[in-house]
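The chain is numbered in sequence order, starting from 1.
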Amino acid sequence: PIRAAQNGRMSEGALVPHPETEWLIYQTMAAIWPPQLHLDDQKSLLAVQDELSGFVIRAIREMRKDAFWTEVNRPYEMAVAEYISSVFLDRTFLMEFADRMRPFWVAGAVNSLSQTVLKMTTPGMPVIQTGSETWDFSLSQTGAPDDAGFEKLSAQLNYAEQSPFTNLLAHWHSGALKQRIITIHLRLRQQYPKLFLRGDYIPLQ
């Protein structure tokens, strides 16, 4: 396991964060880190940090151990947020973190694409949240994207449809490959509506 070379903060005589909270921080960080994120992209780094901090604060309130929704422990929450901030200032750690996590992100992408195919081929109507036709690393549903976000998705879809699969595989982290797979299956569903809406599962022996 890897961790940032940071000392915890003290809050009311206790070291912050507690081990289970520290584990949650790194586990969540691995889940929401965009694989194509560059460490010199300060704006995107701050966005990931803010997303992580907000989620962890909500999580520790749900744990009902160090903070509660009805009895907010501001000193503890501030200490946790400061710890997360210190992690994101440790560029050496972030470089090692991204390098160590890359194989897991590839495996996660393969799982996600497999689940996407299952969702698109299961009898019934697939539900695709706005924006999730590509990679979505957000921890909360913020609603429909703005016009700029839609235009970006539309442009990427156009690229995905015209590019060879080898190119899409090589640049899997862009999310264009997932868009291509969804588009192919949506067209199949239009071509064979009865099969996908009222088809049966037939087990293979």
**Student:** Going by the angle between their ring planes, with limits at 30° and 60°, are Y26 and F93 parallel, tilted or perpendicular?
**Tutor:** perpendicular
**Student:** If you define the side chain from C-beta out and look only at heavy atoms, does anything of F137 sit under 4.5 Å from V48?
**Tutor:** no
**Student:** Could you tell me the separation between the OG atom of S112 and the CH2 atom of W172, rounded to the nearest 0.5 Å?
**Tutor:** 10.0 Å
**Student:** Quick one: does S138's side chain get under 4.5 Å of I32's, heavy atoms only?
**Tutor:** no
**Student:** Ignoring hydrogens, what is the shortest heavy-atom contact between K119 and P126? Give both atom names and the distance.
**Tutor:** O-CB, 3.6 Å
**Student:** Run the salt-bridge test on R58 and E62 with the 4.0 Å N-O cut-off and return the result as yes or no.
**Tutor:** no
**Student:** Could you grab the distance from atom CE of M29 to atom CZ of F88, nearest 0.5 Å is fine?
**Tutor:** 4.0 Å
**Student:** If you take all heavy atoms of A30 and M101, which pair is closest and at what distance?
**Tutor:** CB-SD, 3.7 Å
**Student:** Assigning hydrophobic clusters by single linkage (Ile, Leu, Val, Met, Phe, Trp, Tyr; side-chain heavy-atom cutoff under 4.5 Å), is L188 placed with L195?
**Tutor:** yes
**Student:** Give the cluster check for L52 versus W23: same hydrophobic cluster or not, with ILVMFWY residues linked at side-chain heavy-atom distances below 4.5 Å.
**Tutor:** no
**Student:** Measure the spacing between CZ of R100 and CH2 of W105 and express it to the nearest 0.5 Å.
**Tutor:** 12.5 Å
**Student:** For V80 and P17, which heavy atoms make the closest approach, and how far apart are they?
**Tutor:** CG2-CB, 4.4 Å
**Student:** In the structure I gave you, are the side-chain heavy atoms of F55 and D50 within less than 4.5 Å of one another anywhere?
**Tutor:** no
**Student:** Kindly compute the distance separating CD (Q156) from CZ (R180), expressed to the nearest 0.5 Å.
**Tutor:** 12.5 Å
**Student:** Nearest heavy-atom pair of L39 and R91: which atoms, and what distance?
**Tutor:** O-NH1, 2.7 Å
**Student:** Can you check whether Y83 reaches I25 side chain to side chain, under 4.5 Å on heavy atoms?
**Tutor:** yes
**Student:** With side chains defined as the heavy atoms from C-beta onward, is the minimum distance between L157 and S154 less than 4.5 Å?
**Tutor:** no
**Student:** Please say yes or no: joined through hydrophobic side-chain contacts below 4.5 Å, possibly via intermediate residues, are L177 and V117 part of one cluster?
**Tutor:** yes
**Student:** Is there side-chain contact between L45 and W33, with at least one heavy-atom pair below 4.5 Å?
**Tutor:** yes
**Student:** L197 vs R189, test: side-chain contact (heavy atoms from CB on, under 4.5 Å). Steps then yes/no.
**Tutor:** CA-CA 8 Å; L197 290 176; R189 294 181 68 90; 4.2 Å; yes
**Student:** Have Y159 and Q179 got a donor and an acceptor in their side chains that come within less than 3.5 Å?
**Tutor:** no
**Student:** How about CZ on F104, more than 12 heavy atoms from neighbouring residues, nucleotides or ligands closer than 6.0 Å, or not?
**Tutor:** no
**Student:** Is the backbone N or O of Q129 less than 3.5 Å from a side-chain atom of S132, with the two atoms forming a donor-acceptor pair by type?
**Tutor:** yes
**Student:** Identify the heavy atoms of A176 and L168 that sit nearest to each other, and give their distance.
**Tutor:** CB-CD2, 3.9 Å
**Student:** Fit a plane to each ring of H173 and H171, take the angle between them on a 0 to 90° scale, and name the class: parallel (under 30°), tilted (30 to 60°) or perpendicular (over 60°).
**Tutor:** perpendicular
**Student:** So how far is it from T28 OG1 to L139 CG, rounded to the nearest 0.5 Å?
**Tutor:** 7.0 Å
**Student:** What are the two closest heavy atoms between T116 and K178, and how far apart are they?
**Tutor:** OG1-CE, 3.6 Å
**Student:** Do the charged groups of E161 and R187 touch, with an N to O distance under 4.0 Å?
**Tutor:** yes
**Student:** Quick check: is I184 connected to L169 through a chain of hydrophobic side chains (ILVMFWY, heavy atoms under 4.5 Å apart)?
**Tutor:** yes
**Student:** Just wondering, do S85 and Q49 contact through their side chains at under 4.5 Å, heavy atoms?
**Tutor:** yes
**Student:** How many angstroms lie between atom OG1 of T121 and atom CG of L118, to the nearest 0.5 angstrom?
**Tutor:** 5.5 Å
**Student:** Does the side chain of N158 come under 3.5 Å of the side chain of Q162 through a donor N or O and an acceptor N or O?
**Tutor:** yes
**Student:** Is there a side-chain contact between V87 and F97 in this structure, where contact means two heavy atoms from C-beta onward sitting under 4.5 Å apart?
**Tutor:** no
**Student:** If Ile, Leu, Val, Met, Phe, Trp and Tyr residues are connected whenever their side-chain heavy atoms lie under 4.5 Å apart, and connections chain through other members, are L186 and F196 in the same group?
**Tutor:** no
**Student:** Looking at Y192, I'd like to know if its OH atom is crowded, meaning that more than 12 non-hydrogen atoms belonging to other residues, nucleotides or ligands lie closer than 6.0 Å.
**Tutor:** no
